[in-house]
Every structure is written in C-alpha cells, then in structure tokens.
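Throughout, a chain's letter reflects where its sequence line sits, starting with A, and its residues are numbered from 1.
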Amino acid sequence: MIPKLDIPDGLSRDAAESLQGALAAQVVVEDRLGRIETVAGLDVAYDRQGKRATAAIAVLRADDLSVVETRTLDTAIRFPYIPGLLSFRELPAICALLQQVTVIPDLLICDGQGIAHPRRFGLACHLGVMFDVPAIGCAKTPLLGAVCEPGLARGDSTTLLDRGDIVGCALRTRSGVKPVYVSPGHRISVASACEWVLKLSPRFRLPEPLRLADQAARTAQADRLIPHPKKPSPR
DNA sequence: GCGACAG
DNA sequence: ATCTTGTCGC
C-alpha cells in the first residue's frame, strides 16, 4: 500500500507546522472502523547518540490478542524532537516499516497523541491520514489539556479538554497505576478509542500491541549494537 | 516575557 | 527517547 502523503526532507519548523494545519482538515474523528480483525502497535527506539532509530510493529488478532507478526526496521534520524512535531521525527521510519507488512492492520495504535495536540494533528492523526486507516494515540503523559485525575479503578476515565474541545481522555488501564492518555488519531471517536485501549490492555498499563512493539524496538536496537540473535527470523 | 512541552 | 542502582511491592 502506498501512502497518499509524503514527509519532505529538510523541512523547517514553520513548514512542518503549516503542513499539520493543512492536513488536520483531513482527520475524521468519528467511527469509520469496519471489521477489525487485526490491531497493530507501533513504536520507535533510539540509539544513544540519537543518530539511528528502530521502528517496530506488533500485529495482533483483535479477538484473542495473539501475535500475528512482529517486525522492525532501522533507519537514520532526519528530524529533531520538537514537542508538537513528533510525527516528523518518527513517521519516516514507521511508514517505511508499515509498507513492508503484508497486510495493513485494521486499527493502528501509536505511542503519542492523536488530536490532543496544538493543531489537532498528533502522530496518530498523521499516521492514520497517511494510510487512511483507523488510528488511536495512546501516550504515557499528556501534551496539553486540562487533565483531571480519573478514579483509581481499571476503566475509570476523565475527559481531556483543550480550548473548549474534548480531545481525548485520561484512562486508567490498571487499578492504582498511572493512567494513559488516549485521543483519536483518525476514523475513530474518543469513546471508541478509549474502549479499544481498555480492551487491548487486559494486564498491563499499556495496550498489548504497543507494549510488544516497544519491546521489539528495544530488543532490535540492542541487537544492533551487539548482534546476539537468539532466535533468527525465518527467511 | 515566562513556563510547559508526546517520544 | 536515553542515561542510570537499588528497591519496594504484587
């Protein structure tokens, strides 16, 4: 599958922000899900010098959370980390990786914000719009918004408000553990995004697809420094 | 102007 | 994100 959009190289900060403002109009914050059989978690790990990035994807079956496939890809970093412009740093690697996957998953979850963003166009939105696939942003800390502490039980949540808009929610996926910050990326509502994240987090704080992708990215990053392939991938 | 600021 | 040791708790 070919993404309908591309991220130019050597983009200036101003140009990147303008691009977000324009692309934000394409985001659909309503449920346009279709049948969801596979869900994928996407994450990126970096080396110590901040030169190379390893993107990882973990594809799971939505019904029983069994792993369908895990894949990683190493690339050079071309954009610095700037709050609000994370997608320009991580998407090149993620997109390249996603294009290697046999079948694009029915729902994507990434480590970062969706519309809970200054220009309503966080990483999850950019990814979702590029591939025109339902996407959810699930961050470990909020980027903005008035955040109230949700109840202590698993499933408790509070809405994330910013400039009069409900942009997501703080969701407790594990009793007594810090909540995660969920916001729609594309083709999904705040309510559905929260439901999916909760459903995908039966045991740990982070949804299983994201947790496994995070794990895969770090392992691959470590193996890049010291090749220790215990389980060589087939082919 | 000052502080905050996903990964 | 990454650096970085031990430690408390289920």
Going only through I, L, V, M, F, W and Y residues with side-chain contacts under 4.5 Å, is there a path from A:Ile104 to A:Ile57?
yes
Tell me whether A:Leu198 is reachable from A:Leu65 by hopping between hydrophobic residues (I, L, V, M, F, W, Y) whose side-chain heavy atoms are closer than 4.5 Å.
yes
[X] versus [Y]: any side-chain heavy-atom pair under 4.5 Å?
X	Y	result
A:Thr70	A:Leu212	no
A:Pro118	A:Leu144	yes
A:His117	A:Cys125	no
A:Leu108	A:Leu98	yes

Tell me: [atom1] of [X] to [atom2] of [N], nearest whole Å?
X	N	atom1	atom2	result
A:Ile94	B:dG7	CD1	P	13 Å
A:Gln20	B:dC5	CD	P	18 Å
A:Leu123	B:dA6	CG	C1'	8 Å
A:Arg13	B:dC5	CZ	C1'	10 Å
A:Ile109	B:dG7	CD1	P	15 Å
A:Leu127	B:dG7	CG	P	16 Å
A:His126	B:dG7	NE2	C1'	16 Å
A:Asp47	C:dT2	CG	P	9 Å

For the cysteine pair A:Cys138/A:Cys110, does the gap between the two SG atoms stay under 2.5 Å?
no
If you apply the rule side chain to side chain donor-acceptor pair (under 3.5 Å), what do you find for A:Asp64 with A:Ser66, and how did you get there?
CA-CA 5 Å; A:Asp64 62 359; A:Ser66 58; 2.8 Å; yes
Between A:Thr141 and B:dG7, does any side-chain N or O lie under 4.0 Å from OP1 or OP2?
yes
If the cut-off is 4.0 Å, is A:Lys140 near the phosphate of B:dG7, judged by side-chain N/O to OP1 or OP2?
yes
From CG (A:Leu160) to CG (A:Leu171), nearest 0.5 Å
11.5 Å
Atom CZ of A:Arg205 and atom CG of A:Leu210: how far apart are they, to the nearest 0.5 Å?
10.5 Å
Of all of residues 173-190 of chain A, which get a heavy atom below 4.0 angstrom from DNA chain C, listed by number?
none
Residues in residues 71-90 of chain A with a heavy atom under 4.0 Å of DNA chain B, by number, are A:Tyr81, A:Pro83, A:Gly84, A:Leu85, A:Leu86, A:Arg89, A:Glu90
Are any of the side-chain nitrogens in A:Asp111 or A:Lys140 under 4.0 Å away from the carboxylate oxygens of its partner?
yes
So, are A:Arg218 and A:Asp43 salt-bridged, with charged N and O less than 4.0 Å apart?
no
Begin from the C-alpha positions of A:Glu90 and A:Tyr46 and carry the test side chain to side chain donor-acceptor pair (under 3.5 Å) through to its verdict.
CA-CA 10 Å; A:Glu90 304 203 329; A:Tyr46 301 89; 2.7 Å; yes
Stem finding on DNA chain B, please: runs of three or more consecutive Watson-Crick or G-U wobble pairs, both distances under 3.5 Å, sorted by first number.
none
Per the 3.5 Å Watson-Crick/G-U criterion and a run length of at least three, the stems involving DNA chain C are none
Is the A:Phe88 to A:His126 ring centre distance short of 6.0 Å?
yes
Salt bridge (Lys or Arg N to Asp or Glu O under 4.0 Å): pairs with one or both residues in residues 185-195 of chain A, sequence neighbours excluded
A:Asp132-A:Arg187
Check for a donor-acceptor pair, side chain of A:Thr72 on one end and backbone N or O of A:Ala217 on the other, with a separation under 3.5 Å.
no
Tabulate protein N/O versus nucleotide N/O from nucleotides 3-10 of chain C, keeping only pairs under 3.5 Å, one per line.
{"residue": "C:dC3", "atom": "OP1", "partner": "A:Arg48", "partner atom": "NE", "Å": "2.7"}

